[in-house]
**Student:** 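Below is a structure I'd like to ask you about.
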Amino acid sequence: MHLSDKIRLAIRCIIVLALLGIPSGVVISQSSVIDSLQEVLTRATDPIQRGELLLKLTRLHTRDLAKYRTYLDEAASIKSFAGDPKWAVQITYLRGQFEERSNRFDSARVYFQIVLDQQNTGHFDTSLVSAAYYKMGDMSRREGHQDQAIEFFQKSIQLDEADGDQHSVAGTRIALGVIYKNLGLYDEAVEYYNQAYQTYEAESHYENMATCILNIANVYSRQAKYSEAITSFQKALEISEHATDRENLQAYIFGNLGNCYTQQGDHARALEYTQKAYAIMKDNAGPEEQATMLIGISNSQRKLGQINEAIHTLEKADELSKSGDGLLQVQARIQLLFYHTYVDLKRIEDADKAIGLYLKLHDSLQRQEVSKQLLEVNTKYETEKKENQIELLNAENKLVAANLRASKNRNIGLLAGFIVVGLLLTVVYRLFQRTKVQNAQITLALKEKETLLKEIHHRIKNNLQVISSLLALQSEHVVDDRALSALQEGQDRVQSMALIHQNLYQEDHLTGVSVKDYFEKLIRNLFNSYNIHRDQIKLELNVEELNLDVDTVVPIGLIVNELVSNSLKYAFPGKRKGTISVSLGALGDLLKLEIMDDGIGMTDKEIESLGTSFGHRLVEIFTRQLKGKMRIDGTSGTRIQIDIGRFETVPRPV
């Protein structure tokens, strides 16, 4: 079943407006539609009708993922509905959209690829496949793979043009325009926006016409063509007078126009237009949009010497930013502007406080980015590992098939040999030559896969080293001791994982890690990181000759990193001397890990308070991942024992 033009247009408009920073909920009011559908759903008894209603409600809740998932799961639970191929593929698409909006792009691609595979059947929903291509392109764009995004968007356009769906073609062209704008290819961007504008103009679709002109104006503004930009902004305002949702559309035009005047240094006009935008937004937009506009107003007031008004406006923005989730970046901008404003007033104490809050928020944003990069590196590694395993299995299957064919040919040759000895010799010789060539090809393929695996580990190690270097560079510009300590801890955690992949690519064995060698390098790195002299703290290492797989070594390494770091930092105050002991060994079905020091120890109250620290929470998470149990004794020094129930050993190479 094809998606209706109205629904597909709404989907594309939501995506396009999101690229501009305009919340779709402001532009497209859906509450009355949702209420009507829910009322019909309460009376519907036919399973097909209920399924269709549930999918419509799913699509209308793209900003409320909890309700989105609830409606989708209920639709999928109706067997007679979900078992029909035409509805099953729509459910698959919507599951992909759920994963995409949850920022789980790898999972989303699996679902969207199933939709795209419809094309191999010859009977497929063109509009749904086009939407899947669009989603694949949008994810690639957000990940920075612009060439790949352009390719997916072009495929979407080809299908929509063949289907005569010019509305969707226009929406995809706006998305392409955004990519070319971000690449600095401004003429191409304007061309795509103009093509989309012509489609919307033919349909008198004023909201989207204004959106296209607004995009063009922003391109001119980025090129510092301010006269052309202002002319385009004014044209967008004229078109918006005919739009259904005129005020909300004009709010974003005013906001962009104010930003254009700010870039020119005309702060009086910038203030005029940002105030117009905020006057509309304060009753309709969310906290992020309102706070962002107030930041612009405050900046213009400060530039115009209206310092007290600027501070009052910033205080309103600060209050708004704290009323929503995930607004760290907005809060950081507010504190930075507070700092500059207080410096203008020579209120040094307030300026110091503001810059301190800014640095704290900036550090939180940096840590979020590093965590995201680590997750991406790990996901990429896991994906590549599975792909290589599949390739190796394919090679083995080819070998089995080749051997079966050879066996069959040998039997035929033996039977024929009773008739003609010469023919038998010829067949055997040819089989021998063929098998020899096949074995050589398989040996070469296995060597290539081994080289590829080594290269993967090498690249992962290099990526982790880059992240470690970024953290080190960042720490050079941090003066706050707590922030500096947090950066150092993050760097140590990254280094602990980099060591694993370094060991894997430097040795012939690509699937297992020698724990004893790894622990020696890891702990020595920690001693060097904290500038510990050998005559101050001694290390006793009692680790069995175990070869563990990567999925076991990574969490164990991070646990050891945290616990040894804690001993180095807290167990021996005032340059006190002592010993740290680390042991690991197998006992039956368990791995026994013990980290012990003879330092100052811990009280019961201190042990109870560990649960509030980030490092201890990490240790607990990895312990649960390993199906482990942890015991802490702080009476005589500190002794931590962990019984690990989930682990995999790997045979060492002969």
Side-chain angles (χ1 to χ4, degrees), residues 11 15 18-19 58 62-63 65-66 68-69 72-73 76 88-120 128-153 155-156 175 179 326 367-394 449 452-453 455-464 466-467 493-494 497-498 500-501 504 510-511 549-552 554-555 558 621-622 625:
I11 292 172
I15 294 171
L19 294 172
T58 300
T62 53
R63 293 176 65 84
L65 291 181
Y68 182 108
R69 182 68 177 269
L72 182 57
D73 285 345
V89 71
Q90 290 201 36
I91 291 171
T92 300
Y93 172 84
L94 292 171
R95 290 204 184 282
Q97 183 169 262
F98 176 84
E99 296 296 321
E100 176 256 339
R101 290 191 173 272
S102 302
N103 292 319
R104 295 190 289 267
F105 291 169
D106 286 337
S107 298
R109 286 189 177 93
V110 172
Y111 288 110
F112 290 138
Q113 189 59 52
I114 294 173
V115 176
L116 296 179
D117 288 343
Q118 274 195 106
Q119 296 172 94
N120 299 327
L128 201 62
V129 172
S130 169
Y133 273 128
Y134 187 96
K135 286 289 189 181
M136 296 282 267
D138 191 50
M139 289 188 295
S140 296
R141 177 192 65 81
R142 289 155 67 184
E143 290 178 327
H145 307 309
Q146 307 302 341
D147 291 344
Q148 195 176 67
I150 291 170
E151 183 179 347
F152 281 124
F153 284 147
K155 288 181 179 179
S156 177
I179 289 178
R367 278 189 286 177
Q368 285 183 1
E369 184 61 28
V370 169
S371 297
K372 180 182 177 182
Q373 290 176 2
L374 284 172
L375 180 60
E376 288 175 352
V377 167
N378 188 58
T379 302
K380 185 177 180 181
Y381 162 71
E382 291 296 334
T383 302
E384 290 176 343
K385 184 174 76 172
K386 290 177 182 177
E387 288 175 350
N388 283 309
Q389 288 174 343
I390 291 170
E391 289 182 7
L392 288 172
L393 286 173
N394 287 337
K449 300 304 180 295
L452 179 59
L453 282 172
E455 179 63 16
I456 289 170
H457 288 302
H458 184 55
R459 290 188 182 183
I460 292 171
K461 189 272 295 184
N462 285 345
N463 288 337
L464 291 171
V466 168
I467 295 170
R493 290 170 189 139
V494 171
M497 289 185 286
I500 293 172
H501 296 286
L504 285 171
L510 297 173
T511 58
D549 76 329
V550 176
D551 291 337
T552 304
V554 169
L558 289 169
I621 289 169
F622 291 129
Q625 181 181 331

**Student:** Can you find a pair of side-chain heavy atoms, one from Arg95 and one from Arg69, that are under 4.5 Å apart?
**Tutor:**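 Sidechains of Arg69 and Arg95: in contact.
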**Student:** List the steps, then state whether side-chain contact (heavy atoms from CB on, under 4.5 Å) holds for Gln625 with Thr552.
**Tutor:** CA-CA 9 Å; Gln625 181 181 331; Thr552 304; over 6 Å; no
**Student:** Rounded to the nearest 0.5 Å, how far does CD1 of Ile621 lie from CG of Leu558?
**Tutor:**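 CD1 of Ile621 is found 11.0 Å from CG of Leu558.
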**Student:** Mind checking the NE2-CD spacing from His145 to Glu151? Nearest 0.5 Å is all I need.
**Tutor:**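 Here the rounded value is 13.0 Å.
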**Student:** Check step by step if side-chain contact (heavy atoms from CB on, under 4.5 Å) holds for Lys135 and Arg101.
**Tutor:** CA-CA 10 Å; Lys135 286 289 189 181; Arg101 290 191 173 272; 4.2 Å; yes
**Student:** Hey, do the aromatic rings of Tyr133 and Phe153 have their centres closer than 6.0 Å?
**Tutor:**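 Aromatic pair excluded; centres sit 6.0 Å or further apart.
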**Student:** Here's a test for you: under side chain to side chain contact (heavy atoms under 4.5 Å, CB included), which of Val115, Asp117, Leu116 qualifies with Gln119?
**Tutor:**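 Of the listed options, the one satisfying the test is Leu116.
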**Student:** Quick one, Met136 with Gln148, criterion side-chain contact (heavy atoms from CB on, under 4.5 Å). Give me CA distance, side-chain angles, the key distance, then yes/no.
**Tutor:** CA-CA 9 Å; Met136 296 282 267; Gln148 195 176 67; over 6 Å; no
**Student:** Would you say the ring centers of Tyr93 and Phe112 fall short of 6.0 Å from each other?
**Tutor:**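 When the ring centroids of Tyr93 and Phe112 are compared, they turn out to be within the sub-6.0 Å range.
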**Student:** When rounded to the nearest 0.5 angstrom, what is the spacing between OG1 in Thr62 and CD in Gln97?
**Tutor:**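 Answer for the OG1-CD pair, Thr62 versus Gln97, is 6.5 Å.
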**Student:** How close do Ala149 and Arg141 get, heavy atom to heavy atom, and via which atoms?
**Tutor:**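 That would be CB-N, 3.6 Å.
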**Student:** At their closest point, which heavy atom of Ile91 faces which heavy atom of Ala76, and how far apart are they?
**Tutor:**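 Scanning both residues completely, I find the closest heavy atoms to be CD1-CA, 4.0 Å.
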**Student:** For Tyr111 and Glu100, indicate whether the former's side chain and the latter's backbone hold a donor-acceptor pair under 3.5 Å.
**Tutor:**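 No.
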**Student:** Just verifying a value: how many Å separate Asp73 CG and Leu94 CG, rounded to the nearest 0.5 Å?
**Tutor:**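 The CG atom of Leu94 is 11.5 Å from CG of Asp73, to the nearest 0.5 Å.
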**Student:** To the closest 0.5 Å, what do you measure between NZ (Lys155) and OG (Ser130)?
**Tutor:**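 Going from the NZ atom of Lys155 to the OG atom of Ser130 covers 12.5 Å.
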**Student:** Applying side-chain contact (heavy atoms from CB on, under 4.5 Å) to Phe98 and Thr58, what does each step give before you reach the verdict?
**Tutor:** CA-CA 10 Å; Phe98 176 84; Thr58 300; over 6 Å; no
